[in-house]
There are 2 protein chains.
Amino acid sequence: MKSKITLKDIAKELDVSISTVSKALKNSKEISKETKDRIKAFAKFYNYRPNNIALSLKNRRTKNIGVVIPDIVHHFFTTVFRGIEKYANSMGYNVIICISDESFDKEVINMEMLANGSIDGFILSLSAETQKKNDFTHLKELLDQGIPIVLFDRITQEIACDKVILNDFEIASEAVSHFVLSGAKKIALITTERYFNVSENRKNGYLEGLKLNNLKADDNLILTLPHNKDNTDLITKFFQNNEVEAVLCVNEIFAVQCMGIIQHLGYTVPDDISIIGFTDGILSQNSSPKLSTVAQHGEKMGEKAAKLLIDRIESAEMEEEPFRTEVINATLIKRGSTIN
Amino acid sequence: MKSKITLKDIAKELDVSISTVSKALKNSKEISKETKDRIKAFAKFYNYRPNNIALSLKNRRTKNIGVVIPDIVHHFFTTVFRGIEKYANSMGYNVIICISDESFDKEVINMEMLANGSIDGFILSLSAETQKKNDFTHLKELLDQGIPIVLFDRITQEIACDKVILNDFEIASEAVSHFVLSGAKKIALITTERYFNVSENRKNGYLEGLKLNNLKADDNLILTLPHNKDNTDLITKFFQNNEVEAVLCVNEIFAVQCMGIIQHLGYTVPDDISIIGFTDGILSQNSSPKLSTVAQHGEKMGEKAAKLLIDRIESAEMEEEPFRTEVINATLIKRGSTIN
DNA sequence: TATTAACACGAAACCGTTTTCGTAACTTTT
DNA sequence: AAAAGTTACGAAAACGGTTTCGTGTTAATA
């Protein structure tokens, strides 16, 4: 077991000073060619690599970014994460990930743990609890300390920082119009409780879509489901009690559950009822018929978020750039669960 | 913007030495009560937190672990990761994640990047390419440098380290027996190319299951599908050309694709054909009928892997413990795609 | 009263780098 | 031959902590 070699080791072995070794390896012209060659050869032979931690301490830059997401077993977040990792890596950054598990406390604790030097900035999607509490002091404190933050998807207007969001409103409206074009008039929405701002946006987009098409909104056609429960009964009753021609679901689980129940009730998709979901995930791609859905382009979102953050990190000390909000354009993927 | 406060700042402000501050905050009894109180109050007021990087440099311990997985948009890996994160976090460790993207080079580069001080150990599942190449020199070198590694799921016998695996062989055999109990004799296997050792183990377990039940293996009933392709035609032909009563699939995507195709061909699941998949993921839970499947208990696997690694890290310097291989027992979840 | 012990603190080394500055030994210029 | 400029390197500070050891001041003991 040969432990990692340091500058000091090289210096001692070659009988020069540490500074000389450092300079030689950085190809400084302060050092003579012969000495440089000797040192480089030796370093190469022993596979010298500078210690990241020492560099971080010296440079006050870790080249690490912290990512805090509510859940990892979730298609959308993993695609975003993939985008983050991809871009970050290409820029020489590593990614430290923390899962808030939808908990405010875990979000706070994790971020504080990382904030003491471990990372240069955060990319964050708010936990459900944080959104419910509407308490963002932890974020404000970090920003105060000069640690840049980029929010994505589950954001808040309460804090000033870079953000990346989806055009939820517009795409929901577009989905409704798509239903209308195929002849539907009784268009339902299945959504989650409203402290998720994305759900709220989608709902408003849905309402706007109805308005644009001169349809009247009907509260009975909006089903709000609780989080993390078995919703089979609620959905079944919903379709038994209401005449529905099309349904927009704010996520793909709802969509695929709906489809199962609708089929079970004896209707056919899309002939009797059309369905559009959100998230072009594994479920949408493998159901039968395949689900028409809103592709959120998570990977692109992640790349954008990472770019915003790294730009901000690397331009620090510069004059403060104004904060930006990037909008990712969702696209409607038309598959078997709608009439095209 | 108030930048982070350091020991030096406190020392200067309170007109004591840095050592005194450090000791006071660690409640050393070398320091008088009054001085300690003064310093603690000051530190608390300014929300002093020691700099992680400085601590890492001093202690030569980062309290970070590196996780390298082939893919993040993948239910099994995310559950394992969740287990890792959970345990690691509870022990005060952070998790740096790298995605190898099934590429040998990315695996090597990422690990080397982290190995220069950024982490105290690795948890790794081999990339497809690495398994194909059968080249593990990068792992050997890291082990040589004294960096502990824990392999999970996609492992290799070529290197000596702690490992966590699933009892793929036994559970596949058990699945076959379950089919037999419900009356099936013509039992098929749908698998991936064999350089995935888990697939190989599952296949061997399948064969063993047949043998145990006095059934003859039939090569025609084994369908090997290429990676990342649209396999619809291959699967369709397979079921058109072969009489099959039950099928074991090595992952849930194959299983749900199978089910769709089987139903499309006019058979019913499970009456005509039973299906068991691997991975109790979102697909299995939301298909209709719901898929009977092998639960891999990824979270448990992740926790075990993290525990093995952290134990190893924290017992370093101690006499070398022998390497361990933990086996996670998969369980068969019987749902609608089999006759129970 | 002289010696020893306890107390409370500071100086300095160390972790592994980078970088500024100083300087001895040549070389070139006048 | 003296002054100035190069060359090639080393010493030391800095990043932010921890920890060992030394020491001056008191208090306890002989």
Side-chain angles (χ1 to χ4, degrees), chain A residues 3-40 42-43 46-64 113-120 145-146 316-317, chain B residues 3-40 42-43 46-64 115-120 145-146 316-317:
Chain A
S3 200
K4 275 263 145 190
I5 194 174
T6 69
L7 287 187
K8 198 201 259 188
D9 299 330
I10 302 182
K12 199 186 302 175
E13 210 64 34
L14 263 38
D15 214 41
V16 290
S17 75
I18 295 179
S19 1
T20 302
V21 178
S22 176
K23 288 171 189 165
L25 293 176
K26 309 204 94 185
N27 222 352
S28 158
K29 47 189 209 165
E30 264 182 70
I31 309 297
S32 71
K33 183 158 186 337
E34 304 94 76
T35 312
K36 276 197 276 195
D37 288 347
R38 259 173 75 223
I39 293 177
K40 282 185 192 166
F42 189 91
Y46 284 100
N47 195 29
Y48 169 78
R49 295 273 179 280
N51 180 303
N52 289 333
I53 298 294
L55 285 179
S56 296
L57 185 59
K58 185 86 194 73
N59 302 333
R60 303 149 121 245
R61 280 286 173 74
T62 62
K63 286 255 178 185
N64 287 156
M113 216 173 139
L114 291 182
N116 299 308
S118 298
I119 50 93
D120 297 336
Q145 286 170 28
E317 327 299 345
Chain B
S3 201
K4 277 261 144 191
I5 194 174
T6 70
L7 287 187
K8 197 201 262 189
D9 299 330
I10 302 183
K12 198 186 300 171
E13 210 63 33
L14 295 179
D15 214 39
V16 290
S17 75
I18 294 179
S19 1
T20 302
V21 178
S22 175
K23 288 171 189 164
L25 293 177
K26 308 204 95 183
N27 222 352
S28 158
K29 47 189 211 164
E30 263 182 70
I31 309 296
S32 71
K33 182 158 184 336
E34 305 93 75
T35 313
K36 276 198 277 198
D37 288 347
R38 260 176 74 224
I39 293 178
K40 283 187 193 165
F42 190 90
Y46 284 100
N47 195 28
Y48 169 78
R49 296 274 179 279
N51 180 302
N52 289 332
I53 298 293
L55 286 179
S56 295
L57 186 58
K58 182 80 187 126
N59 303 333
R60 301 146 121 246
R61 280 287 174 74
T62 60
K63 286 256 181 184
N64 287 156
N116 300 309
S118 298
I119 50 94
D120 298 336
Q145 286 171 28
E317 328 299 343

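Side-chain atoms are counted along with the backbone in the values below, which use heavy atoms only and exclude waters and symmetry mates. Here is the naming used below: chain letters follow the sequence lines, and residue numbers restart at 1 for every chain.
- The CG atom of A:N51 sits 18 Å away from the P atom of D:dC15 (whole-angstrom rounding).
- Contact annotation for B:S19: base contact, defined as any heavy-atom pair under 4.0 Å involving a base atom.
- Distance B:K12 NZ to D:dG17 P: 13 Å, rounded to the nearest Å.
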Working for side chain to side chain contact (heavy atoms under 4.5 Å, CB included), residues A:T62 and B:I53: CA-CA 8 Å; A:T62 62; B:I53 298 293; 3.8 Å; yes
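- Where DNA chain C meets chain B (any atom under 4.0 Å from a heavy atom), the bounding nucleotides read 5' to 3' are C:dA8 to C:dG16.
- In the helix from C:dT1-D:dA30 to C:dT30-D:dA1, the terminal helix axes, each the rotation mapping four pairs' C1' atoms onto the next four within five end pairs, subtend 70°, rounded to 10°.
- Taking each heavy atom of A:L55 and A:P50 in turn, the nearest pair found is CD1-CB, 4.0 Å.
- In terms of polar N and O atoms assigned as donor or acceptor, the side chain of A:K23 comes within less than 3.5 Å of the base of D:dG10 in a complementary pairing.
- Per the geometry, CD1 belonging to A:I53 stands 13 Å off C1' belonging to D:dG16, to the nearest Å.
- Using modelled atom types, no side-chain atom of B:N59 and backbone atom of B:R61 make a donor-acceptor pair closer than 3.5 Å.
- Between A:R61 and D:dC15, a side-chain N or O to OP1/OP2 separation shorter than 4.0 Å is absent.
- Considering CD1 of A:I31 and CZ of A:R38, their distance stands at 11.0 Å, rounded to 0.5 Å.
- Inter-residue side-chain proximity for A:V21 and A:L14 is flagged as unmet; no heavy-atom pair is nearer than 4.5 Å.
- Under the 4.5 Å side-chain criterion, counting only non-hydrogen atoms from C-beta, A:L25 is in contact with A:I39.
- The shortest heavy-atom contact between A:K36 and A:K29 is NZ-CA, 4.1 Å.
- Counting to the nearest Å, the P atom of D:dA14 and the CD1 atom of B:I18 are 11 Å from each other.
- The two residues A:K63 and A:D120 have their closest heavy-atom pair at N-OD2, 2.8 Å.
- What separates NZ of A:K58 from P of D:dG16 is a distance of 10 Å, to the nearest Å.
- Contact annotation for B:L55: backbone-only contact, meaning every heavy-atom pair under 4.0 Å involves sugar-phosphate atoms and none involves a base.
- In this structure, A:N47 contributes its side chain and A:I5 its backbone to no donor-acceptor pair below 3.5 Å.
- No side-chain heavy atom of A:F42 sits under 4.5 Å from any side-chain heavy atom of A:D9.
- Checking D:dG10, D:dG17, D:dG16 against every side-chain atom of A:T20, the shortest atom distance belongs to D:dG10.
- Phosphate contact (OP1/OP2 of D:dC9, side-chain N/O of A:T35, threshold under 4.0 Å): present.
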From CA spacing to verdict: side chain to side chain contact (heavy atoms under 4.5 Å, CB included), A:N27, A:K40: CA-CA 9 Å; A:N27 222 352; A:K40 282 185 192 166; 3.2 Å; yes
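- Here A:K4 contributes atom NZ and B:Q145 contributes atom CD; the two are 4.5 Å apart, rounded to the nearest 0.5 Å.
- Between the P atom of D:dT19 and the CG atom of B:L57 lies a distance of 14 Å, rounded to the nearest Å.
- What separates NZ of B:K8 from C1' of D:dT18 is a distance of 16 Å, to the nearest Å.
- Between B:I31 atom CD1 and D:dT19 atom P there is a gap of 13 Å when expressed in whole angstrom units.
- Taking the nucleotide of DNA chain C with the nearest heavy atom to each of B:V16 and A:Y48, the more 5' of the two is matched to B:V16.
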Give each protein N/O atom lying under 3.5 Å from an N/O atom of nucleotides 22-26 of chain D, with the pair distance.
none

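- Looking at heavy-atom distances under 4.0 Å, B:S22 makes contact with a base.
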